[in-house]
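Working notes for the structure below.
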There are 2 protein chains.
Amino acid sequence: MTIGRPLQHQPEAALKAAIQTFWRYGYYHTSMRDLLDAMALSRSSLYQAFGNKEALFLLALNNYRDELLANLAEKLKASPNAWSFIDQLLTSAADTQSEQASLGCLLFNSATELGGEDSLPAQTARDSVAKVTAFFYDVIERAQRVGSIDASRDPKSAAQFLTFSMSGLRLLMKSGASKQEAQQTVGYILRGLA
Amino acid sequence: MTIGRPLQHQPEAALKAAIQTFWRYGYYHTSMRDLLDAMALSRSSLYQAFGNKEALFLLALNNYRDELLANLAEKLKASPNAWSFIDQLLTSAADTQSEQASLGCLLFNSATELGGEDSLPAQTARDSVAKVTAFFYDVIERAQRVGSIDASRDPKSAAQFLTFSMSGLRLLMKSGASKQEAQQTVGYILRGLA
DNA sequence: CCATTTTTGAACCAATTGTTCCATAATCAT
DNA sequence: ATGATTATGGAACAATTGGTTCAAAAATGG
């Protein structure tokens with residue numbers, strides 16, 4: 001079996017805490033002290049378990065993205081068709097007033113914060129956004145096959161519009177728009193997309 | 001006349017340099033060293049002329065917003081009507097591949113970075129975004145009077161949709177979308193808005 | 001020459017940054 | 001129990017953070 005002193009923390013739980021912290025403060029503005037407090041482990045444990053700040057951030061980003069995509073796939077599967085999935089997705093994004101919703105999306109936030117850097121975190125952030133867009137590409141194609149979306153439309157740009165819309169919606173919620181206003185905004189999006 | 005040694009730097013030029021720096025790195029990730037280098041000032045000159053980092057950032061934010069709004073107002077005035085202004089605005093935003101365009105908008109970036117903080121910089125960032133939306137509100141009403149936009153639509157949510165769209169477009173450009181793709185995205189926006 | 005103001009550069013501050021290292025602790029295998 | 005192995009706690013690290021203060025030099029107007 002395993003040799004040596006056993007872990008006294010749950011790496012997954014610690015990672016979740018790290019995600020929350022990066023989510024709230026962004027990459028640069030999150031200090032190691034913040035992470036240590038949130039993850040509830042000692043300095044050396046963190047470095048031994050996760051390497052360093054950058055490596056931890058990359059892990060957090062990938063974990064967040066995987067979970068997000070898994071969640072989307074699940075919801076798509078549960079939807080009667082692709083169009084209603086899109087509708088539901090936007091509507092619920094505009095409806096949730098949770099504290100998490102007001103944080104925006106970690107992926108979009110990171111892509112915005114890290115901008116055009118050529119660092120690994122920046123590349124990973126952009127790449128993660130691209131992966132979400134790729135998922136939407138698939139959804140758009142399905143909706144086109146059923147006829148909910150004009151088949152003549154380029155699915156790639158439509159997918160980008162959807163990513164774009166999710167990003168904008170998050171900013172809107174962050175700016176403190178009301179549910180009602182957000183719902184109306186969803187109306188504009190759906191009208192543009194159909 | 002003025003007594004004493006005259007200023008050896010142009011405060012406006014220095015402020016522009018500061019804006020560029022905050023634009024590129026964000027508020028927190030910009031250090032005083034970065035600012036000193038970019039503004040080509042000595043430490044004490046900066047503190048004497050601008051106070052401190054936060055004050056300088058607030059000044060930069062307000063200056064950027066004022067210039068942005070002045071620019072928008074000018075373009076609106078030069079447009080034959082409100083609708084063509086909106087069209088032009090989105091189209092040109094999707095067309096410019098300049099380095100500045102890839103930085104996004106300082107206002108949106110700051111609002112995203114500072115999130116829900118209750119600090120003065122965060123408040124100012126949100127407030128600046130709101131001012132842009134207020135400008136769009138006026139534009140929408142004009143377009144409704146001429147009939148380019150359905151008069152039954154709520155101008156406030158339409159204005160928010162426009163702000164939202166500009167924000168999303170910036171993220172799209174930052175992610176490296178092609179001109180062609182961005183232009184198609186503009187098509188979705190205009191279709192949703194009309 | 002004097003008063004006024006800016007500039008320069010250094011020094012300093014306390015706090016924070018991310019990181020490294022070492023002794024100690026806790027487990028398993030022998 | 002002993003030794004190997006791994007985790008932990010905490011000190012210590014050097015570098016940088018934003019911010020302040022100081023003294024001396026420089027450049028203007030009166």
Side-chain angles (χ1 to χ4, degrees), chain A residues 1-15 17-61 110 113-114 117 119-122 124, chain B residues 1-15 17-61 110 113-114 117-122 124-125:
Chain A
M1 290 298 116
T2 46
I3 296 182
R5 181 175 177 169
L7 279 169
Q8 300 202 350
H9 62 93
Q10 292 95 347
E12 317 139 22
L15 181 56
I19 290 176
Q20 292 292 329
T21 311
F22 281 126
W23 202 348
R24 222 190 308 273
Y25 301 123
Y27 177 56
Y28 289 117
H29 191 46
T30 295
S31 70
M32 292 305 288
R33 173 73 57 198
D34 294 331
L35 290 169
L36 293 176
D37 291 347
M39 301 170 77
L41 36 86
S42 76
R43 250 182 172 70
S44 35
S45 296
L46 191 153
Y47 275 90
Q48 173 156 340
F50 298 101
N52 57 23
K53 187 186 178 183
E54 180 175 308
L56 177 57
F57 180 68
L58 294 178
L59 195 65
L61 220 49
S110 301
E113 178 191 5
L114 303 176
E117 281 186 28
S119 63
L120 193 51
T124 306
Chain B
M1 289 292 118
T2 45
I3 295 183
R5 180 173 178 170
L7 279 169
Q8 299 204 346
H9 63 91
Q10 292 95 349
E12 318 141 22
L15 181 56
I19 290 176
Q20 291 293 329
T21 310
F22 282 127
W23 203 348
R24 224 192 307 274
Y25 301 124
Y27 177 56
Y28 289 117
H29 190 46
T30 296
S31 72
M32 292 304 285
R33 283 252 152 44
D34 294 332
L35 291 169
L36 293 177
D37 291 347
M39 300 170 77
L41 291 173
S42 74
R43 231 181 187 70
S44 26
S45 296
L46 190 152
Y47 275 92
Q48 173 158 338
F50 299 101
N52 57 24
K53 187 185 178 185
E54 181 175 306
L56 178 57
F57 180 68
L58 294 178
L59 196 63
L61 220 49
S110 301
E113 178 191 3
L114 304 176
E117 282 185 26
D118 57 357
S119 64
L120 193 50
T124 306

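Just so it is clear: chains get the letters A, B, ... in the order the sequence lines come, proteins before strands, and each one is counted from 1. The figures here come from the full heavy-atom set of this structure, side chains too, leaving out hydrogens, waters and symmetry mates.
- For the pairing with B/Met32, the side chain to side chain contact (heavy atoms under 4.5 Å, CB included) check across B/Asp34, B/Thr30, B/Leu35 returns one residue only, B/Leu35.
- Remark: A/Tyr47 is not in phosphate contact with C/dG18, judged by side-chain N or O atoms under 4.0 Å from OP1 or OP2.
- In this structure, CG in B/Leu120 is found 5.0 Å from CG in B/Leu58, a value given to the nearest 0.5 Å.
- When the C1' atoms of four end pairs are superposed on the next four at each end of the helix from C/dC13-D/dG18 to C/dT30-D/dA1, using five pairs per end, the two resulting axes differ in direction by 30°, to 10°.
- Atom pair A/Phe50:CZ and C/dT19:C1' shows a separation of 17 Å (rounding to whole Å applied).
- Between the side chain of A/Ser45 and the backbone N or O of A/Leu41 there is no donor-acceptor pair closer than 3.5 Å.
- Between A/Tyr28 and B/Tyr28, the distance from one ring center to the other does not fall under 6.0 angstrom.
- Separating the CG atom in A/Leu59 from the CZ atom in A/Phe22 is a distance of 10.0 Å, to the nearest 0.5 Å.
- At a non-hydrogen distance threshold of 4.0 Å, A/Ser42, A/Arg43 from residues 23-43 of chain A come into contact with DNA chain D.
- Rounded to whole Å, the distance from CD on B/Glu54 to C1' on D/dG19 is 13 Å.
- Under a 3.5 Å cut-off, the side chain of A/Lys53 and the backbone N or O of A/Tyr27 do form a donor-acceptor pair.
- Between A/Asn52 and C/dT19 there is a side-chain polar atom (N or O) within less than 4.0 angstrom of OP1 or OP2.
- Within the structure, every side-chain polar atom (N or O) of A/Ser44 is placed at least 4.0 Å from both OP1 and OP2 of D/dT8.
- To the nearest 0.5 Å, atom CZ of residue A/Phe57 and atom CD1 of residue A/Ile19 are 10.5 Å apart.
- When rounded to the nearest whole Å, the span between CG of B/Leu46 and C1' of D/dG19 equals 11 Å.
- Here the CG atom belonging to B/Leu15 is positioned 6.5 Å from the CG atom belonging to B/Leu56, to the nearest 0.5 angstrom.
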